[in-house]
Structures are given as structure tokens and as C-alpha cells.
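A quick write-up on the structure given underneath.
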Amino acid sequence: MSDGLKLGVLISGRGSNLQALIDACASSDYPAEIALVISNVPDVQGLERAKTAGIPTATVNHKDYSDRQAFEDVLHQHLSEAGVTLVCLAGFMRVLSPQFVERWPDRIINVHPSLLPAFKGLYGMGVHNAVIESGARISGCTVHFVCAEVDDGPIIVQSAVPVLPSDTADTLSTRVLEVEHQSYPLAVRLLAEGAYTLDGRRVIFENSSSDATPLISPVRVA
Ligand code: GRF
């Protein structure tokens, strides 16, 4: 579709959230399309997923650039040339500079595998280990706007899952990932469809049904 959001998805690896977006965009009534997938790591699974779906890809390896600004300038150029209107970070393992974020004001979103603002600044299994060690009974994921501070932007969608006594970081991450795959496409849909305003840290959707983001919890908790 041509009037929806044009997504630029930034990845560094597996790309299962990218796959969730690819699958959502395959529906004719989904209000977004993926214009470009960029990885900062060569030959990752996410790039294969994009190629299989016929989506243009680029590899912009941070190691090829003398500094972060040179790397980000190339990212910016690719995204601009592809006509991207929303940048989706999906397991992208580089912190973007405040200067880059300013070039895409309220136009970059990320998925984080905890219920922010809890457990921010951690990544990978470190998040889930910290949740288990904290004794928290509930975890989940957060899709949020990206601002200059890491894991700190206004929250668009959150989904909760139980933390079970038997959980390891692996089992908890699998349960959280399941709701990430529902939450990320939902957040993109809400941004594409719903008129919304940012009030400080709060995202206010004009359509109140969009405001009531569902608390998704998998049925299978055993
Ligand atoms: C996800 O858990 C996401 O929350 C985090 O990085 C992981 C990426 O997984 N930011 P994938 O590459 O989308 O499979």
C-alpha cells in the first residue's frame, strides 16, 4: 500500500521481530509496508528473512566507519533515500546518538524485552536474568519511541506475561518474545491509524479504543 507508513527496520541478528512485521505487512489491510531492512552485522538471519520476502536490504557495518557519526550518516542516507517515514529498531545492537534521534523526531521506535521503566539499559538474556533475580512475578515487553536516553522514550504498547518459579532466562525470553511479536505490529498499526499526541512521556491516542492497549498474556503458562 502506498499511503501507509514506510518502515525502515534496523536489525543486528535473528530478526524474529522483523519477521512479525513482515507477516503483518503481508495483510492487505495493514497500514504499513517495509521499504528497507538495514543490518549493521553482515550475513545475519534477519537479512535472509527480508530477502525471502522480497524486501530491499542493506548492510551498514559500523566497523567500516571511523566514528559513530560517519556510520549514522550512512544509515540516515539509506533511510531517507528509501522514503522511510518510521524507523523500527528490532534487535538493533547499536545505541543511536542524540544527533541521529533528532533527525528523526518521534519517528524511531524500539521493542524492549521488559516492562519499562523497569530493567532498562540491559539487553539479551541479561534482562531476563535480572527479572528472575529480582523476584518479579510479571514481565513483558515495551514498544516505545526512541529518545536520547536509552530505553527511555514514551511508551506506545506494553504486554505482560507471568514469571514462573521454574523459569530460566531462556524460557522467560521465549514467553516474552511471543508477546513482542504481537506488540510490535500492534504499535505500528496504532501509530499508522490513530491520531495521537505526545504529552510529556505519555502517548495519547485520540481514539480511546486505541488507548486501551490490550494486556496480552499467552494462554500457555506451563
Ligand atoms: C528482542 O528480544 C528485542 O526485544 C530486543 O532484541 C531482541 C531481538 O530479537 N531488543 P529478534 O532479532 O527480533 O529475534
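As the structure lists them, so they are numbered: ligands from 1, and atoms in each ligand from 1. No hydrogens, no waters, no symmetry mates; every other heavy atom, side chains included, goes into these values.
- Evaluated by nearest non-hydrogen atom to atom 12 (O) of ligand 1, the leading choice among Gly13, Ser114, Gly15 is Gly15.
- Using a 30° and 60° split on the angle between ring planes, Phe100 and His76 fall in the perpendicular class, above 60°.
- For Glu72 against Leu96, the heavy-atom pair with the smallest separation is OE2-CA, 3.4 Å.
- Listed by first then second residue, pairs satisfying salt bridge (charged side-chain N to carboxylate O under 4.0 Å, His left out) with a partner in residues 118-137 read Lys120-Asp152, not counting sequence neighbours.
- With respect to Arg68 and Asp73, no salt bridge is recorded, no charged nitrogen being found less than 4.0 Å from a carboxylate O.
- The shortest N or O to N or O distance between Asn110 and ligand 1 is not under 3.5 Å.
- Under the rule for a side-chain contact (heavy atoms from CB on, under 4.5 Å), the partners of Pro185 that lie at least two apart in sequence or sit in another chain are Ala20, Leu21, Ala24, Tyr30.
- Ligand-side atoms of ligand 1 in range of Glu180: 1 (C), 2 (O), 3 (C), 4 (O), range being under 4.0 angstrom from any heavy atom.
- Considering backbone and side-chain N/O of Val111, one or more are found under 3.5 Å from N/O of ligand 1.
- At the shortest separation from atom 9 (O) of ligand 1 among protein heavy atoms lies Arg14 NH2, 3.0 Å.
- The nearest protein atom to atom 6 (O) of ligand 1, hydrogens excluded, is given as Gly91 CA, 3.6 Å; this is a heavy-atom distance.
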